[in-house]
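See structure below.
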Number of protein chains: 2
Amino acid sequence: MKSNNPDFAELLREYGSKATPGRVTLLKVLWQEDKPISVAGLKKKLDPSFDEVTLYRALESLTASGLIREVDFRHGHAHYEMNALREHHHHIICTSCGRVEDTECRVQEAKLTKASAFRIITDHTAEFFGLCNSCIKTA
Amino acid sequence: MKSNNPDFAELLREYGSKATPGRVTLLKVLWQEDKPISVAGLKKKLDPSFDEVTLYRALESLTASGLIREVDFRHGHAHYEMNALREHHHHIICTSCGRVEDTECRVQEAKLTKASAFRIITDHTAEFFGLCNSCIKTA
DNA sequence: ATCACAAACGCAATATACTTGCAATTGAAC
DNA sequence: GTTCAATTGCAAGTATATTGCGTTTGTGAT
């Protein structure tokens, strides 16, 4: 549990979204969670009356605006985390137990060559996989 | 189309897999494709009699052995590409038209701090998103 | 305050991606 | 050739995500 919540309604408006009660609650959950969380995980944290389709649409919309961020842990489904108000970072995931740790960004956003068909890079993903210290011991 | 195909049967055995006709064909398709391809894309390239479950199981098995590699383009489904016989690399994806370009690896496999719960990193993903030159012009 | 309207919602239905169980087959090591 | 684990093929099932559409609501303009 974190204290000193930011003003989520205001934050939503800044990112071009309507500050509906559902989205405010969703942001609060993501803020408090502080690690990427799956849709299933979110559903557990949210009131059962929170419509699933609304949730998916909110996640899509807030990801598009950059307020939140989609992360792939190779678990076959997306995870989401707060993107605004945080340092850009990546994750290390334990392939044995699923433990997740933040890690600073060590990616050089590509030096594009003249031969490249790209001139603009807007974003990147980077996740590291390994074994956490507990899982090394028990292996 | 590439010529000078490697010996896929031998390659499969080297990676601890049985060299079944299906897997040899699958590898050939991945080799010739040369960009990451979706399961749907593979099904189109393969004979319709190639069973879908067999395909999924082959992809899982060959990914686990490191012969092929799973890539996430944030399209909601996995893409696969040849991993053996290639330089380690990443991709730039155009978020407008889907164009894909290989890019060399610019990721420093994380410097782990003493505070980290991790000591071993085995693997990483890294994909870049942007706009390709054609899509910039038409934007 | 209230109006107008695009954004967001809620529900039902549907689509896509992927998995499981199990009996039959087959590649490869001996 | 025999053996056996790996792989296949089919049927069924589950998880994940999307679409369509009528209703509601937040917000900016009046």
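Every chain is numbered from 1, with letters handed out A, B, ... down the list of sequences.
- Contact annotation: T54(B) reaches the phosphate of dG9(D) (side-chain N/O to OP1 or OP2, under 4.0 Å).
- Rounded to a whole Å, the CD atom of E60(A) is 6 Å from the P atom of dT18(D).
- Each of dT27(D), dA17(D), dA17(C) was ranked by its minimum atom distance to the side chain of A19(A); first place goes to dT27(D).
- Annotation: of the two residues near DNA chain C, K18(B) and A78(B), the 5′-most nearest-nucleotide partner is A78(B).
- R23(A) has no side-chain polar atom (N or O) that falls below the 4.0 Å cut-off from OP1 or OP2 of dG26(D).
- Contact annotation: T20(A) reaches the phosphate of dC9(C) (side-chain N/O to OP1 or OP2, under 4.0 Å).
- The nearest whole Å value for the distance from the CG atom in L42(B) to the C1' atom in dC18(C) is 14 Å.
- Considering only the side chain of V53(B), dC10(D) comes nearest among dA17(D), dC10(D), dC18(C).
- Atom CG of D51(A) is separated from atom P of dA17(D) by 15 Å (rounded to the nearest Å).
- Using a 30° and 60° split on the angle between ring planes, W31(A) and F8(A) fall in the perpendicular class, above 60°.
- When the P atom of dT7(D) is taken as reference, atom CG of L67(B) falls 12 Å away, rounded to whole Å.
- Each of V39(B) and R57(B) was assigned the nucleotide of DNA chain C with the nearest heavy atom; the assignment lying further toward the 5' end belongs to V39(B).
- Relative orientation of the F73(A) and H91(A) rings is perpendicular, given thresholds of 30° and 60° on the angle between their planes.
- For the pair F50(B) CZ and dT8(D) P, the interatomic distance rounds to 7 Å; values are reported in whole Å.
- Summarising the geometry, the separation between OH on Y56(A) and P on dA7(C) is reported as 24 Å, rounded to the nearest angstrom.
- The side chain of R13(B) lies closest to dA28(C), out of dA8(C), dT8(D), dA28(C).
- Between E70(A) and R74(B) there is no salt bridge, since no side-chain nitrogen of the basic residue lies less than 4.0 Å from a carboxylate oxygen of the acidic one.
- The distance from atom CG of D47(A) to atom P of dC9(C) is 14 Å, rounded to the nearest whole Å.
- Comparing dT7(D), dG27(C), dC18(C) by their nearest atom to the side chain of H77(B) picks out dC18(C).
- If you measure from atom CG of L59(B) to atom P of dT8(D), you get 11 Å, rounded to the nearest angstrom.
- Between dA6(D) and S17(B), no contact under 4.0 Å exists linking OP1 or OP2 to a side-chain N or O.
- Under the 30°/60° scheme for interplanar angles, the aromatic rings of H88(A) and H124(A) are found to stand perpendicular.
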* For the pair R69(A) and D123(A), evaluate salt bridge (charged side-chain N to carboxylate O under 4.0 Å, His left out) and give the outcome as yes or no after the intermediate values. => CA-CA 11 Å; R69(A) 185 171 167 83; D123(A) 188 20; 3.4 Å; yes
